[in-house]
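All chains are named by letter (A, B, ...) in the order of the sequence lines, taking the proteins before the strands, and each is independently numbered beginning at 1. Values reported hereafter were calculated over all heavy atoms of this structure, with side chains retained and with hydrogens, waters and symmetry mates removed.
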There are 2 protein chains.
Amino acid sequence: MARFLTLASCQTGPVQRSTSRREVVERLVALLERAALAGADLAVFPEMALTTFFPRWDLPASDIDVFYETQMPGPQTRPLFDAARKLGIGFALGYSELVRDGNRQRRFNAMALVDDGGEIIGRYRKIHVPGSEMPEPGTTVHLERRYFEPGNLGFPVYGFRGARIGLALCNDRRWPETYRMLCLNGAQVVLIGYNTPVQLEEAPSLAHLRMFHNHLPMQAGAYQNTVWVAAAAKAGFEDGQHLLGGSCIIAPSGEIAALATSQEDEVIIHRADLDMIDICRKVNFDFSRYRRPREYSLIAEQAGPLV
Amino acid sequence: MARFLTLASCQTGPVQRSTSRREVVERLVALLERAALAGADLAVFPEMALTTFFPRWDLPASDIDVFYETQMPGPQTRPLFDAARKLGIGFALGYSELVRDGNRQRRFNAMALVDDGGEIIGRYRKIHVPGSEMPEPGTTVHLERRYFEPGNLGFPVYGFRGARIGLALCNDRRWPETYRMLCLNGAQVVLIGYNTPVQLEEAPSLAHLRMFHNHLPMQAGAYQNTVWVAAAAKAGFEDGQHLLGGSCIIAPSGEIAALATSQEDEVIIHRADLDMIDICRKVNFDFSRYRRPREYSLIAEQAGPLV
């Protein structure tokens, strides 16, 4: 196993609806170049990195296809894959995926893991799709559940430069089950892309805690599973909505090792010591010895409290 | 449902091996009086509140019975139960439990939940028993697994003044499954007692993070399950070992609402707004709608990663 894997979180500023794919991909290539120049092995981009976060809108079905990729890479995203090969760096890219399954069209909130040869080596489709199927006026609740079905690939883990990489997207990061499933599947590094609005109309008394609620579950996920977490946000005012930012790289100790401090395109880097995983695992977290799976059956059987 | 439940975490300073039960119980009664005077409905005491944390020692079997309770309440603990009735306050007490099961003696790291009439209304036996069966020289690893078997009562939840209360002990608080199981069983409040040494010989590079690693999983557990958490530590130098302290009351937002700042007997109080649970649940955590139990089967099947 490699001892070090240098991680980069490539935060982007807003991607407006009016921004072309070509322009976005140029920005992502520039971020990837910066990451590679700083010595990164592996970079993570935001969820839906190629487009605006369109689930904020109630759109007619005829208007949404433009936000989805039918090929990955396609002609417009190919330059990013070429850059990875040229720069010798891997990356994970969040995007909206439209696939044909027989006569059905299926839509997933997806992430591809690409190696330093520019080849896709892993795929993830978001399991925890938040929001609503129908507009909920007076709230920040978006329509992600209308535009995407839940992922059908589980929580897979892929090898990259001798390390085991898991993927997750946005709302997934709030659920302890995401990290635990990835940990049990062998993950050492979890790459996360997200879009999170600053506003919280449905619970104004919690609105000031948005950044705390962004970092807390990722820090706990890293600590409780002794994994590295690298998370990339979209940030700033995107089509009138303020996105949170706060991209970060978190150590298996739960410490934030690197933090984005802008609301723009920004690269943060950390040389992740994979040996730290074993050191952290020695303190409390010898999973095979101490976890009690038979006591946890309800977690896999029942969605919510019955009372 | 009651809207408010005033919680008290009753931290204790060290309980030396030389300290008599009578003396300890007097201290606990004094703490309970302080909590009641401050308006508390329900107080939590530390894990093994009645004795020193004896699993730090390699003791001959003949020397250990003195640390266990064979009755609860027994003649020595009865004053605490009487005080609860007199003061009109409930409490949770951690203690070492020795029970006869046919011809077998069984030993559990236990907690009793006592109502404001001085009656036991709930019991918990620690599920995640840490440490080792055999001494591991040069480490902080203790012998809890020699002195206690894992709990056999699951993660039960009990009613108290219209609120639903779950119990957990020390190492349980580090595992996300503890909070999730209690949440799925309907808990609104989780009471935790703990003994955690400051020292960490087996991982000196993490020793400065002990308090962070105390609070992080409890804050995440509160946030991710939208429950109130009240945790009571033993603190200070107990028989030569420095115990961490850091007792706290945590809101369903994950915020630390009250924090012990001494290494001694200390009461902290917070008037917990149970409506905050529903407010927090409205943001992301409508469990029945968003959790995906069928995706989590490995959590209940496999203890650790296979790679």
Side-chain angles (χ1 to χ4, degrees), chain A residues 127-130 150-151 154-155 157 164 171 174-177 179-181 183-187 200 202-203 205-206 209 212-213 216-217 219-221 223-224 253-255 276 279-280 282-307, chain B residues 127-130 150-151 154-155 157 164 171 174-177 179-181 183-187 200 202-203 205-206 209 212-213 216-217 219-221 223-224 253-255 276 279-280 282-307:
Chain A
I127 297 278
H128 300 97
V129 181
F155 295 97
V157 168
R164 295 186 300 274
N171 189 261
R174 303 197 190 272
W175 303 88
E177 289 86 356
Y179 309 91
R180 187 61 99 213
M181 286 299 300
C183 167
L184 290 173
N185 283 327
L200 192 64
E202 64 273 32
S205 63
L206 300 172
L209 299 173
F212 174 59
H213 288 164
L216 177 64
Q219 292 183 270
Y223 168 66
Q224 292 178 314
S253 60
E255 293 169 286
M276 200 171 163
I279 294 167
C280 289
K282 276 201 301 187
V283 185
N284 299 306
F285 295 133
D286 182 341
F287 298 108
S288 302
R289 186 176 189 186
Y290 295 125
R291 284 186 76 251
R292 308 282 318 281
R294 277 182 300 185
E295 300 290 343
Y296 310 147
S297 53
L298 220 52
I299 291 174
E301 286 168 6
Q302 183 180 307
L306 301 180
V307 286
Chain B
I127 297 276
H128 299 98
V129 181
F155 295 97
V157 169
R164 295 185 298 274
N171 189 262
R174 303 197 188 271
W175 303 89
E177 289 86 356
Y179 309 91
R180 186 61 100 213
M181 286 299 300
C183 168
L184 290 172
N185 282 327
L200 192 64
E202 64 273 32
S205 62
L206 301 172
L209 299 173
F212 174 59
H213 288 165
L216 177 64
Q219 291 182 269
Y223 167 65
Q224 293 178 314
S253 60
E255 293 169 286
M276 199 171 165
I279 293 167
C280 289
K282 277 201 300 187
V283 185
N284 301 306
F285 294 133
D286 182 341
F287 299 109
S288 301
R289 186 176 188 185
Y290 295 126
R291 284 186 77 251
R292 308 282 318 281
R294 276 183 302 185
E295 299 290 342
Y296 311 146
S297 54
L298 219 52
I299 290 175
E301 286 168 5
Q302 184 181 306
L306 301 181
V307 285

Task: Test item: B/F285 and A/R174 side chains (from C-beta on) under 4.5 Å apart, heavy atoms - done: yes
TODO: Check each atom of B/E301 against the heavy atoms of chain A and say whether the ones under 4.5 Å are side chain, backbone, both or neither.
DONE: backbone
- [ ] Measure distances from A/V129 to the heavy atoms of chain B and classify the residue's part below 4.5 Å as side chain, backbone, both or neither.
- [x] backbone
TODO: Measure the shortest side-chain to side-chain distance between A/P293 and B/E177 over non-hydrogen atoms and say whether it is less than 4.5 angstrom.
DONE: no
Open item on the list: Heavy-atom pairs under 4.5 Å with chain B - which of A/E255, A/Q219, A/E202 has more of them than the others?
Closed with: A/E255
- [ ] Specify which of B/G154, B/A220, B/S297, B/G221 makes the most heavy-atom pairs with chain A at under 4.5 Å.
- [x] B/A220
Open item on the list: Heavy-atom cut-off 4.5 Å, strictly under: side chain, backbone, both or neither for A/L216 against chain B?
Closed with: both
TODO: Mind ranking B/A300, B/A303, B/G304 by heavy-atom pairs under 4.5 Å with chain A and telling me who comes out on top?
DONE: B/A303
Task: Largest heavy-atom contact set with chain A, pairs under 4.5 Å, which of B/M181, B/R291, B/M276 - done: B/R291
Task: Close side-chain approach of A/Y290 and B/W175, heavy atoms under 4.5 Å - done: yes
Open item on the list: For chain A, which candidate among B/I279, B/V157, B/N185, B/L298 shows the most heavy-atom pairs at distances under 4.5 Å?
Closed with: B/L298
Task: Heavy-atom pair count under 4.5 Å with chain B, highest-scoring of A/L206, A/L306, A/N171, A/D286 - done: A/L206
Open item on the list: Please identify, among B/P150, B/A187, B/A203, the residue contributing the most non-hydrogen atom pairs under 4.5 Å to chain A.
Closed with: B/P150
- [ ] Go through the atoms of A/N284 and report whether side chain, backbone, both or neither lie under 4.5 Å from a heavy atom of chain B.
- [x] both
Open item on the list: Is A/L184 in contact with chain B via its backbone, its side chain, both, or neither, using a 4.5 Å heavy-atom distance?
Closed with: both
Open item on the list: Quick one: does any side-chain atom of B/R292 pair with a main-chain N or O of A/H128 as donor and acceptor, under 3.5 Å?
Closed with: no
TODO: Quick one: pull up CD1 in B/I299 and CZ in A/R180 and give me the separation to the nearest 0.5 Å.
DONE: 7.5 Å
- [ ] Please report the shortest heavy-atom distance between A/S253 and B/F212, naming the atom on each side.
- [x] O-CE2, 3.5 Å
TODO: Heavy atoms only, distances under 4.5 angstrom: which of A/G186, A/P176, A/S288 has the most pairs with chain B? Name it, please.
DONE: A/P176
